[in-house]
Each structure stands twice: as structure tokens, then as C-alpha cells.
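What follows is a set of notes on a single structure, which appears directly below.
On a predicted model such as this, the values are computed, not experimentally measured, just so you know.
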Amino acid sequence: MQLHNNYSEFSLWFTVDHLSKYLAMRLTLDLETELPEQYRLVNFCIYIAPQPSQLVVLSGNQSLQQVNEKFWKVNKPLEMYYSWKKS
């Protein structure tokens, strides 16, 4: 599987849970198949790296504005990462 940088714009009122739902839908479309049950919505960890080599797991109810204010102290777009949660 080849990894790509994917840049999207979202309202600051979106939550981390909204991003998880978006990722599940986006991956379903990109893979042209429905994701297996174990990889659906709640099985994503969303991270932010406030410092190089420092990943912080974000809570699902945090808004992007809260993430920006708490972790992202620079005037540039948020850079977020995701991975599957282990069951």
C-alpha cells in the first residue's frame, strides 16, 4: 500500500470524532469497498505532533479549535496523523 499525504480543510468546530467518521468514509471510497467491522469509525486513533517525535493521542470530543489552542502554537495548518486502534 502506498501512503499519500492528504490535505483537507475542516471547520474549527469539527471534533476528533467527526474526523474519525470522515476517515472511515474516505477510506471506504478510496478502497472502493466497505471497511471490515473491526476497522470502522471508533477504531481510529487521531494524533497531533506538537513537537518533532512527540505524538499526542487526541480525545474524540475535542474540537479542532481546542486542539489548536492546546497543542498547536504556530500559525500554520494543523498536522494530524491517524492509526488503527488495536482491538
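- Distance check, rounded to the nearest 0.5 Å: CD1 of I48 to NZ of K70 gives 11.0 Å.
- Residues L55 and V74 are members of separate hydrophobic clusters, defined by side-chain heavy-atom contacts under 4.5 angstrom among Ile, Leu, Val, Met, Phe, Trp and Tyr.
- Side-chain contact check for S59 and N61: at least one donor-acceptor pair (N or O, by modelled atom type) lies under 3.5 Å.
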Check the pair M80 / W72 against side chain to side chain contact (heavy atoms under 4.5 Å, CB included), numbers first and verdict last.
CA-CA 10 Å; M80 304 174 90; W72 203 247; over 6 Å; no
The test is side chain to side chain contact (heavy atoms under 4.5 Å, CB included); show your working for F71 and V56 and say whether it passes.
CA-CA 9 Å; F71 299 107; V56 176; 3.7 Å; yes
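- Under the 4.5 Å side-chain heavy-atom criterion for grouping Ile, Leu, Val, Met, Phe, Trp and Tyr, V16 is connected to L78 within one hydrophobic cluster.
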Would S83 and Y47 count as a side chain to side chain contact (heavy atoms under 4.5 Å, CB included) if you check the C-alpha gap in whole Å, the side-chain angles of each, and the deciding distance to 0.1 Å?
CA-CA 8 Å; S83 67; Y47 304 90; 3.2 Å; yes
Set out, in order, the CA-CA distance, both residues' side-chain angles and the distance that settles side chain to side chain contact (heavy atoms under 4.5 Å, CB included) for T15 and L64, then state yes or no.
CA-CA 6 Å; T15 65; L64 297 184; over 6 Å; no
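- Two different hydrophobic clusters hold W13 and L19 under the rule that ILVMFWY side chains link at heavy-atom gaps under 4.5 Å.
- A continuous path of hydrophobic side-chain contacts links V57 to Y81 [ILVMFWY only; heavy atoms under 4.5 Å].
- Rounded to the nearest 0.5 angstrom, N68 CG and Q66 CD are separated by 11.0 Å.
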